[in-house]
Amino acid sequence: MPALHNGGLNRFAWLTAGATLLLLVAGALVTSNDAGLAVPDWPLSYGTWMPPMVGNILYEHGHRMVATFVGLLTIILAVWLWRSEPRRWVRRLGWAALAAVIFQGLLGGLTVLFLLPRPVSIAHAALAQVFFCLTVTVAVVTGPGWQREEPRLVEAGQPPLRHMAEMATLGIFVQLLLGASYRHSLVSIVPHLVGAVAVVYFGARAFERVRRLPRRPAELWQPAAALAGLVGAQLLLGPLAYWARLQAIESPQPTFFLVVTTVAHVAVGGLALASSLVLTLQCHRRLEIPATAGRFSRAPEKAAA
Amino acid sequence: MTKRKLLGNASIVLVLFLAACGGAEKPAEEAAKTETAAPAGPAVDPATAATITGKVVYKDGKPKANRIRMDADAACAALHGTPVYSEEVVVNDNGTLRSVFVYVKAGLGNYSFPTPKEPVVLDQKGCLYTPHVVGAQVNQDVKILNSDQTTHNIHPVPAVNREWNTSMPPGSEALVKNFPREELLIPVKCNVHPWMKSYVGVLKHPFFAVTGPDGAFTIKGLPPGTYTLAAWQEKFGTVEQTVTVGAKETKSVDFTISPPAGAGD
């Protein structure tokens, strides 16, 4: 085991990332239940720390409670990294996560005080995913696998796998933003559908490239397989959530089916982003692009020939 | 100044700004000023005032009612022994529609109308808004009550008036608000109980009515003239008719509303 590895810190980083996923679910519950303004004040809720948890107050105040818990975890994580992590860039990741969670809290407050301005609500949804990515990154790079000395593999195929993984990660992030924009009625469903095609393309290409790697290193194969499975699940959940929305048009309130499918779609989207991010990070750690390889944007298939 | 100090100072300024601003509300007086600038026109002569009566008929039988699930708040569910249904479309036993907002849309010229001193009352009762649709004149007080033993928030979502969102815990004092601009119709919702919806129609004049359990309406005190009369229903939109009334005349005008082609019940 390398001297850098701190098992307790790594487990705590994963706890923070897991709690952040829970926070994403709590946020999706707020939007899906139309509970965004069920608590009109901020930072207090109905002038107190613990309002009656009735109706949609349960979702809105519950979201605030989970957010506070994640904020506390992030403070501890940042301080722990600062005190015990020798790599400066990892310590900076901890501070970046802390800054992100504070700013995220302020954006949440702005959405309440300014009655759900769409750009702020969408920025809140976007920063949630960025923050989740930061906590997952900290968890991955503080793990024993990341710090183990291993020979780098030279990639033979083109375009480079890392570029496919990067495109998949970027595509999923944009896709999550388009989904949030659709939920907040800023755009139609069409951009989200187009984004789905792009995500499936890059995700499938990345998975196929990892599948063909000799001996399929576990640290690449596991996130690639997870990415493929999660994107596949999204292809089922997306249409299901849309159908649930159409079915609920006549309903006087959000239906249980609509809430469950939408929240699952958001949560699995977050997990797909995390898988793709981990694959990208591991590609950068384990794979080496031959010096002769062209860049993705320059007709790479020909450059490799 | 170092980057770190700059970032710290910016954060402090942002937090102080948030603490100071306290939300999106602007002073009502500021908004009201824009409405008081117009010169006053003549008043209606009561000696010549006419009346329009009528009813709003629904053409397509009785649509399927959508049930409201109040399980999310036990206090709400306990208030109803029988199932509660959405008030979006309520067809009365005589085939007429309830909660249709009928009003004079055009033809009044430059008459001026004093703002009534009596407030319009909107109650939160049984975790529903009573009435479901209500009319008020510009700047007329709207008195909002919470008769329930549970927490509500009241949140109008206007297009041209100021949006606000206020909590009303059980036992709250009546909340008195007004709308300084004409607007048809302002959705009002409770975000705690997402099935709770109401609409407020705000007009410069008093010539409006909301149909009740008999589907009938009466608009009194109109000066003689030719008017565009409109009937608004929250799901089916607006239908209009032109009507001419003479001095002291009472005229009957019925509306027929039917769902648009392809709209399912």
Side-chain angles (χ1 to χ4, degrees), chain A residues 29-48 51-62 92 95-96 98-103 105-117 120 185 246-259, chain B residues 4 7-8 10-11 14-15 17-19 21-25 63-77 84-89 127-128 148-157 162-170 189-197 235 263-265:
Chain A
L29 278 169
V30 170
T31 312
S32 304
N33 282 292
D34 195 17
L37 294 174
V39 179
D41 51 338
W42 181 88
L44 292 176
S45 299
Y46 288 88
T48 173
M53 299 292 263
V54 296
N56 277 346
I57 298 174
L58 172 70
Y59 300 112
E60 172 59 18
H61 189 68
R92 283 184 172 175
W95 293 125
L98 183 58
V101 83
I102 291 170
F103 193 59
L106 293 175
L107 281 181
L110 284 174
T111 61
V112 171
L113 296 178
F114 289 90
L115 306 169
L116 295 184
V120 178
S185 308
L246 295 179
Q247 292 297 306
I249 283 176
E250 295 284 319
S251 174
Q253 63 209 95
T255 62
F256 178 74
F257 184 52
L258 170 67
V259 172
Chain B
R4 197 172 293 176
L7 196 65
S11 306
L14 185 59
V15 170
F17 168 70
L18 281 175
C21 67
E25 290 205 19
K64 180 190 157 203
N66 293 304
R67 189 174 170 182
I68 292 171
R69 306 276 172 186
M70 295 190 178
D71 319 1
D73 189 338
C76 295
V84 183
Y85 294 94
S86 165
E87 295 174 282
E88 188 183 34
V89 180
C127 296
L128 296 168
D148 289 330
Q149 290 305 307
T150 191
T151 300
H152 292 293
N153 75 303
I154 182 149
H155 177 204
V157 192
R162 175 174 50 81
E163 186 177 353
W164 46 267
N165 182 23
T166 302
S167 59
M168 292 195 76
K189 55 186 182 179
C190 170
N191 301 95
V192 177
H193 307 104
W195 61 82
M196 284 178 69
K197 288 186 184 76
K235 184 173 182 183
D265 288 342

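Residue numbering restarts at 1 for every chain, and letters A, B, ... go by the order of the sequence lines.
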Proximal component of T150(B), with respect to chain A [non-hydrogen, under 4.5 Å]:
side chain
Closest-packed option against chain B by number of heavy-atom pairs under 4.5 Å, given G55(A), P252(A), P117(A):
P252(A)
Would you please name every residue forming a side chain to side chain contact (heavy atoms under 4.5 Å, CB included) with F256(A), sequence neighbours left out?
V260(A)
Can you tell me which portion of P43(A) sits under 4.5 Å from chain B's heavy atoms? Options are side chain, backbone, both or neither.
neither
Donor-acceptor side-chain pairing of N56(A) and N191(B) below 3.5 angstrom
no
Could you give the side-chain donor-acceptor pairs of residues 31-38 of chain A under 3.5 Å, partners two or more places apart or in another chain?
| from | atom 1 | to | atom 2 | distance (Å) |
| --- | --- | --- | --- | --- |
| T31(A) | OG1 | G27(A) | O | 3.3 |
| S32(A) | OG | A28(A) | O | 2.8 |
| N33(A) | ND2 | L29(A) | O | 2.9 |

Which bit of R69(B) is near chain A, if near means a heavy-atom gap under 4.5 Å: side chain, backbone, both or neither?
both
Enter the distance from N66(B):CG to I249(A):CD1 here, rounded to the nearest 0.5 Å.
12.0 Å
